[in-house]
Amino acid sequence: ALSSFVLFPVGGDRARGEMQGSVRGAGPVPGGGAGEKDALHGRRILVIGGTQFMGRLLVEELLRAGARVWILNRGKSPNPFAGDSQVTLLQCDRINDRERFRTLLATPGGEAWDGVVDFVCFGTRMVEDVVSARHCIKHYILISSDSVFMASDRATIRAKQGPAGLKEEDAVEPAGKKALREVKRRNEYQFGYGGRKLACERFLQESASTFPQFTSLRFPDVIGPYDNLGSQLELEDAIRAGSPIGSHIPSEDVPGAAGRISLVFSRDAAASAAA
């Protein structure tokens with residue numbers, strides 16, 4: 001059983017704002033070796049999402065490794081894997097039809113899921129539905145975000161922040177109404193998004209005694225193929241225009257200091273989820 005967090009390097013807590021400095025390009029991180037791909041051959045993997053951006057790239061990675069793949073989503077986006085005999089579509093609105101979602105998770109053709117990778121979990125009710133099917137899931141991967149630090153208690157962040165950056169355990173919910181208001185005032189969007197992801201992580205940790213087989217992957221900003229959020233296009237436009245590409249953000253807590261921006265290539269993010 002596995003219960004762990006993976007945090008991509010972040011020098012200081014992540015923030016939105018005016019960026020300073022520049023960044024040089026770097027090659028992609030190599031994916032898993034042949035042994036990891038062999039380990040996936042024939043495995044039953046459910047990808048919640050699976051038709052856009054990282055989810056689509058993950059399905060491609062799993063298919064190359066010989067896994068049997070199911071994708072579960074609302075069916076609103078075009079399915080790039082339609083007609084592929086190795087991919088089965090399970091159509092369900094997990095928010096508005098929780099009973100069907102739980103049923104699909106809990107009755108996987110008589111066999112347990114070797115892995116469930118969840119790209120669209122944004123609240124405790126969603127992760128609660130997953131945990132309800134724990135007897136059918138050998139390993140659950142929650143796609144989380146480094147935005148959890150933007151929703152964390154500011155006093156804790158200020159006390160823990162240093163040259164080496166923050167640690168996984170430094171992401172804690174604000175303690176008290178005053179601390180809550182401070183976080184929300186700082187960045188209301190990140191407070192909402194990061195807070196929901198942090199609540200999902202906490203629910204999994206609290207369920208660890210009965211559902212220990214989970215991993216939370218906290219990604220920084222993701223860029224790369226199939227980007228449906230616009231970040232990749234914005235980066236390409238900046239490169240074409242010869243505009244500066246920021247690598248640091250001024251710190252709101254330490255005058256004159258700046259935190260590094262962390263990015264991850266979408267194919268590397270997908271490879272880490274497959275590994």
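Both backbone and side-chain heavy atoms feed into the values below; hydrogens, waters and symmetry mates do not. All figures in this text were calculated on a predicted structure; none of them were measured in a lab. We number each residue from 1, following the sequence as shown.
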Run the side-chain contact (heavy atoms from CB on, under 4.5 Å) test on D221 and S231 for me, step by step, so that the C-alpha distance in whole Å, both residues' side-chain angles and the decisive distance to 0.1 Å come before the verdict.
CA-CA 8 Å; D221 286 328; S231 300; 5.9 Å; no
Same cluster or not: [X] versus [Y], using hydrophobic residues (I, L, V, M, F, W, Y) connected whenever any side-chain heavy atoms lie under 4.5 Å apart?
| X | Y | value |
| --- | --- | --- |
| L89 | L63 | yes |
| V117 | F81 | yes |
| F191 | L198 | no |
| V183 | L166 | no |
| L46 | I95 | yes |

Identify the heavy atoms of [X] and [Y] that sit nearest to each other, and give their distance.
| X | Y | result |
| --- | --- | --- |
| T156 | D170 | CG2-O, 3.8 Å |
| S262 | P220 | O-CB, 3.2 Å |
| A151 | P174 | O-CD, 3.4 Å |
| A273 | I141 | O-CD1, 3.5 Å |
| L40 | A274 | CD1-O, 3.6 Å |
| C121 | K197 | O-NZ, 2.9 Å |

Do [X] and [Y] make a side-chain contact, defined as non-hydrogen atoms from C-beta onward lying under 4.5 Å apart?
| X | Y | value |
| --- | --- | --- |
| V69 | Q86 | no |
| N73 | R94 | no |
| V127 | L142 | no |
| V148 | D146 | no |
| R218 | E168 | yes |
| F101 | V130 | yes |
| F214 | S207 | no |
| F211 | S132 | no |

Would the distance check show the side chain of [X] and the main-chain N or O of [Y] forming a donor-acceptor pair, the cut-off being under 3.5 Å?
| X | Y | value |
| --- | --- | --- |
| D227 | Q232 | yes |
| R134 | P212 | no |
| R102 | E99 | no |
| Q213 | I137 | yes |
| N228 | F53 | no |
| W70 | R44 | no |

Parallel, tilted or perpendicular: which fits the ring planes of F122 and Y193, with parallel below 30° and perpendicular above 60°?
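The arrangement is tilted - the two ring planes meet at 30° to 60°.
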Salt bridge flag under 4.0 Å for residues E128 and R125:
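Salt bridge flag = no for R125 with E128.
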[X] [atom1] to [Y] [atom2] distance, which is reported to the nearest 0.5 Å:
| X | Y | atom1 | atom2 | result |
| --- | --- | --- | --- | --- |
| L62 | R68 | CG | CZ | 13.0 Å |
| H139 | I45 | NE2 | CD1 | 10.0 Å |
| I223 | E236 | CD1 | CD | 9.0 Å |
| I143 | C200 | CD1 | SG | 12.0 Å |
| E61 | S272 | CD | OG | 9.5 Å |
| R154 | R185 | CZ | CZ | 11.0 Å |

Is it the case that atom [atom1] in [X] sees more than 12 heavy atoms from other parts of the structure closer than 6.0 Å?
| X | atom1 | result |
| --- | --- | --- |
| E111 | CD | yes |
| I239 | CD1 | yes |
| R74 | CZ | no |

So, S144 and E201: side-chain donor and acceptor under 3.5 Å apart, yes or no?
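Side-chain D/A pair, S144 to E201: present.
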Walk me through whether L235 and L263 qualify under side-chain contact (heavy atoms from CB on, under 4.5 Å).
CA-CA 12 Å; L235 179 60; L263 300 174; 5.6 Å; no
